[in-house]
**Q** 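This is the structure, below, for whatever I ask next.
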Amino acid sequence: QFHMIKYKDLKWEESLGQGSFTRIFKGSKTDVHDGEKHVTEVLLKELDVVHKNCWESFFEAASLMSQISHKHLLLVYGVSVHGVKNIMVQEFVKYGALDLYLKRGRSVSVSWKLDVAKQLASALNFLEEKNIVHGNICTKNLLLAREGDTSQGSSPFVKLSDPGVSVTMLGKDVILDRIPWVAPEVLEAPENLTMECDKWSFGATVWEIFNNGNAPLRGWDLKRKRQFYESFQQLPPSQWTELADLISQCMEYQSAFRPSCRSIIRQLNSLITSDYVILHATEPVTQ
Ligand SMILES: N#Cc1ccc(Nc2nc(N)cc(-n3cnc(CCO)c3)n2)cc1
């Protein structure tokens with residue numbers, strides 16, 4: 001179910017950082033068809049050799065993204081295996097991960113943030129219709145393809161990245177460190193990963209977007225993070241009550257009570273039309 005790409009057709013350029021058990025590089029792939037050579041800019045996601053036993057899960061994540069296509073889902077060109085190296089070849093998304101983009105202090109408007117949240121909700125709705133669980137929704141996995149410029153009225157465009165190695169393959173500490181994105185029931189038993197878990201993560205991700213990419217519970221150690229769930233705590237609410245309500249509905253400890261994707265989209269639509277948006281056209285950058 002995969003396009004296998006020859007290692008010799010790939011070229012590595014600069015390193016761009018790392019994910020869980022993976023390293024990412026800018027690169028290019030060369031294809032030849034009808035006798036013409038095509039060079040495409042790509043993102044090369046390499047599974048760390050020490051974790052090569054996770055290669056099935058790594059490729060499972062990639063195949064999830066290549067079985068279906070949607071405008072807000074990352075395009076995966078294929079995979080390449082070379083000796084102990086496992087490489088996923090993805091489309092290169094121009095502005096990279098949203099968490100870093102927001103941290104760079106771009107002051108973006110409330111309508112920009114709502115637009116991004118709505119695009120993520122529509123990707124989630126699509127996955128839900130296909131009965132596919134993502135399992136790692138967060139701004140690190142939300143890629144910015146177009147910056148959008150609210151003064152020019154052009155809107156941002158985001159793509160949801162692959163979930164990476166499944167949470168079922170990660171150690172307890174890695175899962176604990178994903179608090180508050182990982183749903184509480186997944187902490188108890190990672191096999192509990194369901195669509196409802198993606199809604200919890202969606203809530204934490206919207207919280208990040210409206211807090212300029214600052215990670216929630218930033219700097220908390222694993223013990224404190226664990227206690228956050230044990231005492232059924234919620235993230236600090238936004239002063240925009242309707243937004244805070246949506247986030248807390250998604251981050252409902254009882255998974256069955258979390259809203260449907262359709263309800264999430266409906267609530268986002270009413271937020272977009274509320275006068276709060278006009279009043280807070282461009283938030284002052286609060287770092
Ligand atoms: N400066 C800069 C810059 C960096 C990266 C990109 N592009 C891109 N394209 C992708 N397909 C995936 C990612 N990516 C980024 N972080 C992760 C890890 C979490 O998934 C994945 N970045 C563009 C500009």
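Order of listing sets the numbers, starting from 1, for every ligand and every atom in it.
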**Q** Show your working on side-chain hydrogen bond (donor to acceptor under 3.5 Å, both in side chains) between Glu185 and Trp200 and close with a plain yes or no.
**A** CA-CA 10 Å; Glu185 65 269 20; Trp200 174 284; over 6 Å; no
**Q** In this structure, which one of Lys199, Arg262, Arg258 forms a salt bridge (Lys or Arg N to Asp or Glu O under 4.0 Å) with Glu128?
**A** Lys199
**Q** Determine the interplanar angle of the Phe2 and Phe59 rings, folded into 0 to 90°, and report it as parallel if under 30°, tilted if 30 to 60°, perpendicular if over 60°.
**A**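 The arrangement is perpendicular - the two ring planes meet at more than 60°.
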**Q** Considering only residues two or more places apart or on different chains, which pairs with a residue in residues 47-62 satisfy side-chain hydrogen bond (donor to acceptor under 3.5 Å, both in side chains)?
**A** Arg23-Asp48
**Q** Inspect the surroundings of NZ in Lys29 and state if more than 12 heavy atoms from other residues, nucleotides or ligands are less than 6.0 Å away.
**A** yes
**Q** With Glu41 as reference, evaluate Lys26, Lys94, Lys11 under the salt bridge (Lys or Arg N to Asp or Glu O under 4.0 Å) test and give the passing residue.
**A** Lys26
**Q** Run through ligand 1 for me and note each protein residue having a heavy atom under 4.0 Å from it, chain first, then residue number.
**A** Leu16, Ile24, Leu43, Lys45, Leu74, Gln90, Glu91, Phe92, Val93, Lys94, Tyr95, Gly96, Ala97, Lys140, Asn141, Leu143, Ser161
